[in-house]
Amino acid sequence: MISHDDDFWMKMAIDIAKESKTPFGAVLVDSEGQQVAMPNTSKADGPTAHAEMNVLRRMDELDYDYPEDLTLYSTVEPCPMCMGAIIWAGIGTLVYGASINDAAKYSNQIMVSCNELVQRSNADILIKGGYMADECNALLG
C-alpha cells in the first residue's frame, strides 16, 4: 500500500540523485516509515553500482529480517538487473518516478519493464510507477 509519506521519501531519492549528479537515486524504507538504507552512489564503483543495487547492498549489511515490509523508492524504473535483485531480495513495494522508456532517452537501457519481470517471477511486489514523474523526469534532463 502506498503511504502518505511517499512524497517525503521520493523527494529524498531525488535529492540523492542530485547529490550524485545523476538522474538515479533510491532509498529503502520499512513499514514504520523508518529509513533502512540509502546508497553511496558512484559511477567509479563499476557497472553494477546502480542506486537500487547500492541500496540493496546496504540492506544486506543490516541483515533486515522482513524484506516484504520494505518499500524501495527509485527516481527511475529499475533496470532488469536491479529489478532482478529487488525480486531476489524479497522487497514488498516499489515506487518509482520516471519510466524505463524515459530513461532510454538519457542512456542505453535494456527495454524490459519491471512489471514484466515481476510477472515472469513468483514475486508478489506492489509496484507504483510514475510517482512524481515530472520531478524525476526533470533529472534526466
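None of these values were measured; they are calculated from a predicted model.
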> Can you find a heavy atom in the side chain of Met83 that is under 4.5 Å from one in the side chain of Ile100?
no

> In Å, rounded to the nearest 0.5 Å, how long is the span from CG of Asp102 to CG of Leu139?
11.5 Å

> What is the distance from atom CD1 of Ile125 to atom CG of Leu117, rounded to the nearest 0.5 Å?
9.5 Å

> Please test Ile110 against Cys79 for side-chain contact (heavy atoms from CB on, under 4.5 Å), starting from the C-alpha separation and ending with a verdict.
CA-CA 7 Å; Ile110 299 171; Cys79 72; over 6 Å; no

> Answer with yes or no whether the side chains of Tyr66 and Asp30 bring together a donor and an acceptor at under 3.5 Å.
no

> Does Phe24 reach the side chain of Tyr106, with side-chain heavy atoms less than 4.5 Å apart?
yes

> Taking all non-hydrogen atoms of both residues, which atom of Ala26 and which atom of Ile16 are closest, and how far apart?
O-CD1, 3.4 Å

> Using the side-chain hydrogen bond (donor to acceptor under 3.5 Å, both in side chains) criterion, which residues pair with Ser31? Sequence neighbours excluded.
none

> How long is the span from the OH atom in Tyr73 to the CG atom in Asp5, to the nearest 0.5 Å?
7.0 Å

> Going through the checks in order, is the side-chain contact (heavy atoms from CB on, under 4.5 Å) test met by Cys136 and Met10?
CA-CA 9 Å; Cys136 293; Met10 185 59 84; 3.9 Å; yes

> Could you walk me through whether Lys18 and Ser20 satisfy the side-chain contact (heavy atoms from CB on, under 4.5 Å) test, starting with their C-alpha distance in whole Å, then the side-chain angles of each, then the deciding distance to 0.1 Å, before giving a yes or no?
CA-CA 5 Å; Lys18 288 177 180 176; Ser20 66; over 6 Å; no

> Have a look at Ile87 and tell me which of Val118, Asp124, Leu94 forms a side chain to side chain contact (heavy atoms under 4.5 Å, CB included) with it.
Val118

> Side chains of Gln119 and Ser121: any donor to acceptor distance under 3.5 Å?
no

> Quick check for you: to the nearest 0.5 Å, what is the distance between Leu140 atom CG and Ser107 atom OG?
8.0 Å

> Go through the steps to decide whether Leu72 and Val55 satisfy the test side-chain contact (heavy atoms from CB on, under 4.5 Å), and finish with yes or no.
CA-CA 9 Å; Leu72 193 150; Val55 161; 4.3 Å; yes

> Which heavy-atom pair separates Leu28 from Ile91 by the least distance, and what is that distance?
CD1-CD1, 4.0 Å

> Please report the closest heavy-atom contact between Val29 and Trp9, naming both atoms and the distance.
CG2-CD2, 3.3 Å

> Looking only at non-hydrogen atoms, find the nearest pair between Cys82 and Met53 and report the distance.
SG-CG, 3.6 Å

> According to side chain to side chain donor-acceptor pair (under 3.5 Å), does anything in residues 74-86 pair up with another residue at least two apart or in another chain? List the pairs.
Glu52-Ser74

> Between Met111 and Ala104, which heavy-atom pair has the shortest distance, and what is it?
SD-CB, 3.8 Å

> If I take atom CE from residue Met81 and atom CD1 from residue Ile86, how far apart are they, to the nearest 0.5 angstrom?
10.0 Å

> In Å, rounded to the nearest 0.5 Å, how long is the span from CZ of Arg120 to CG of Asn115?
12.5 Å

> For Ala89 and Pro67, which heavy atoms make the closest approach, and how far apart are they?
O-CB, 3.2 Å

